[in-house]
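Single-structure report; data block below.
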Amino acid sequence: MARIYVDKYVGKLERTDLYFVKLTMKDGTVYENLEPRMLFPITNQTMFITLLDKNEKEFAFVRDLTELDEDSAQALRDCFHEYYMIPKIQKVLSCNERTGALSWTVLTDRGEVSFQIRNHHSDIKHLRGTKRVIIRDSNDNRYEIEDYTALDRQSAHFLFAYI
């Protein structure tokens with residue numbers, strides 16, 4: 001079967017579960033249990049969205065959320081809100097380096113969290129042209145600093161020692 005490009009003229013998406021949607025085509029055909037994923041979740045959250053089937057194969061594709069009806073676009077945004085939940089770091093409480101690993105304790109918008117970073121060269125990324133920093137811990141969880149200039153002095157000191 002060829003890939004389906006979904007827009008408001010082709011079909012409608014409806015959220016059916018925390019991470020799943022169903023696609024109802026204009027001809028009435030329904031495809032269930034499709035899992036939406038952003039191809040560029042950090043740099044472009046509104047374009048290039050794939051819909052995966054139960055075998056994690058690409059079944060359909062959304063070029064841009066603006067090409068969907070508002071209910072379909074909202075269904076995808078709701079799925080993404082859960083799947084791509086990235087805690088926002090508000091303050092770095094401590095940072096220690098032992099045997100090559102960094103141990104951080106931070107305050108996020110979801111509470112206090114402690115984690116380790118294996119390699120600060122590859123796991124702490126400043127997104128060029130922005131004030132955003134993405135941090136990946138040793139369990140592949142991601143954290144975001146939305147604006148490093150808004151950090152307190154101590155937090156900035158910990159961060160800039162490693163970027």
Side-chain angles (χ1 to χ4, degrees), residues 1-91 104 106-151 159 163:
M1 175 179 223
R3 177 188 308 153
I4 299 168
Y5 289 95
V6 181
D7 63 23
K8 60 186 165 194
Y9 304 107
V10 171
K12 183 170 181 57
L13 295 166
E14 184 180 341
R15 187 175 180 198
T16 57
D17 196 5
L18 199 57
Y19 306 126
F20 293 97
V21 295
K22 75 175 177 181
L23 171 60
T24 304
M25 304 294 288
K26 291 290 181 180
D27 68 4
T29 306
V30 176
Y31 301 100
E32 302 220 29
N33 297 319
L34 299 175
E35 194 170 0
R37 292 288 170 265
M38 294 179 206
L39 295 183
F40 303 100
I42 301 295
T43 58
N44 193 342
Q45 298 178 353
T46 63
M47 297 176 70
F48 311 117
I49 297 160
T50 188
L51 301 173
L52 304 175
D53 66 15
K54 64 182 177 186
N55 298 316
E56 296 189 6
K57 302 264 190 229
E58 184 174 273
F59 178 79
F61 192 80
V62 176
R63 289 186 183 108
D64 194 329
L65 287 180
T66 62
E67 295 177 353
L68 298 173
D69 64 275
E70 185 50 40
D71 290 340
S72 295
Q74 189 60 48
L76 291 179
R77 283 192 290 269
D78 291 344
C79 287
F80 295 152
H81 178 72
E82 296 297 328
Y83 187 81
Y84 292 102
M85 180 178 58
I86 299 175
K88 311 289 189 236
I89 294 175
Q90 300 167 332
K91 184 175 187 170
W104 288 46
V106 299
L107 181 62
T108 74
D109 59 345
R110 306 213 182 266
E112 189 174 311
V113 179
S114 294
F115 57 85
Q116 287 194 331
I117 300 170
R118 289 188 197 122
N119 183 336
H120 67 87
H121 296 293
S122 61
D123 293 337
I124 303 174
K125 297 282 187 195
H126 171 234
L127 301 178
R128 290 189 181 140
T130 73
K131 297 176 183 179
R132 293 174 63 203
V133 175
I134 303 295
I135 299 171
R136 183 179 64 199
D137 73 10
S138 59
N139 293 320
D140 210 28
N141 297 309
R142 284 171 177 68
Y143 302 88
E144 178 181 6
I145 299 172
E146 290 182 307
D147 180 354
Y148 63 77
T149 65
L151 291 174
L159 175 66
I163 63 171

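We're numbering straight along the sequence, starting at 1. Quick caveat: nothing in here was measured; it's all calculated off a predicted structure.
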Considering only NZ, NE, NH1 and NH2 on the basic side and carboxylate oxygens on the acidic side, decide whether R37 and E58 come within less than 4.0 Å.
no
Would you compute the distance between atom CG of L18 and atom CG of D78 and round it to the nearest 0.5 angstrom?
10.0 Å
Short side-chain to backbone donor-acceptor contact, R118 and S138, under 3.5 Å
yes
Do I117 and Y143 have side chains that approach each other closer than 4.5 Å (heavy atoms only, starting at C-beta)?
no
Report the C-alpha separation of K8 and S72 in whole Å, then their side-chain angles, then the decisive distance to 0.1 Å, and conclude whether the side-chain contact (heavy atoms from CB on, under 4.5 Å) test is met.
CA-CA 8 Å; K8 60 186 165 194; S72 295; over 6 Å; no
Under a 3.5 Å distance rule, please check whether D53 uses its side chain to pair with a backbone N or O of N55 as donor and acceptor.
yes
Cut-off 3.5 Å, no hydrogens considered: what does the side-chain donor-acceptor table look like for residues 126-133, sequence neighbours left out?
from	atom 1	to	atom 2	distance (Å)
H126	NE2	T130	O	2.8
T130	OG1	L127	O	2.6
T130	OG1	R132	N	3.1
R132	NE	E144	OE2	2.6
R132	NH1	I42	O	3.4
R132	NH2	E144	OE2	3.2

Please tell me if the side chains of F115 and N141 come closer than 4.5 Å, counting only heavy atoms from C-beta onward.
no
Side chain to side chain contact (heavy atoms under 4.5 Å, CB included) test vs I135 passes for just one of D123, I163, I145, namely I145
Taking the side chain as C-beta and beyond, is there a heavy-atom pair between P87 and V113 under 4.5 Å?
no
Look only at the side chain of Y84 and the backbone of M38, and say whether a donor-acceptor pair between them is shorter than 3.5 Å.
yes
Does any non-hydrogen side-chain atom of K22 lie less than 4.5 Å from one of T16?
yes
To the nearest 0.5 Å, tell me how far I86 CD1 sits from R136 CZ.
12.5 Å
Under 3.5 Å, is there a donor-acceptor pair between the side chain of D17 and the main chain of Y19?
no
Verify, without hydrogens or angle tests, whether D7 (side chain) and E67 (backbone) share a donor-acceptor contact under 3.5 angstrom.
no
Identify the heavy atoms of L65 and Q45 that sit nearest to each other, and give their distance.
CD1-O, 4.2 Å
Distance in Å, D64 CG paired with L68 CG, rounded so as to fall on 0.5 Å steps:
8.0 Å
Side chain to side chain, D109 and Q90, heavy atoms closer than 4.5 Å
yes
Kindly compute the distance separating CG (L159) from CD1 (I124), expressed to the nearest 0.5 Å.
6.5 Å
L52 side, atom CG; E35 side, atom CD - distance, nearest 0.5 Å:
6.0 Å
Under 6.0 Å from the NZ atom of K91, do we count more than 12 heavy atoms belonging to anything else shown?
no
State which residues pass ring pair (Phe, Tyr, Trp, His ring centres under 6.0 Å) with F20; sequence neighbours excluded, sorted by chain then number.
none
Do the non-hydrogen side-chain atoms of M25 and V10 ever get within less than 4.5 Å of each other?
yes
With a 4.5 Å heavy-atom cut-off, do T46 and F80 have their side chains touching?
no
Rounded distance [0.5 Å steps], CG in L34 versus NZ in K54:
11.5 Å
Let's go through E70 and R77 carefully: what are the C-alpha distance in whole Å and the side-chain angles of both, what is the deciding distance for salt bridge (charged side-chain N to carboxylate O under 4.0 Å, His left out) to 0.1 Å, and is it a yes or a no?
CA-CA 10 Å; E70 185 50 40; R77 283 192 290 269; 2.4 Å; yes
Would you check if I49 and V6 make a side-chain contact, meaning some heavy-atom pair closer than 4.5 Å?
no
Grab the two heavy atoms, one from A75 and one from L13, that are nearest each other, plus how far apart they are.
CB-O, 4.1 Å
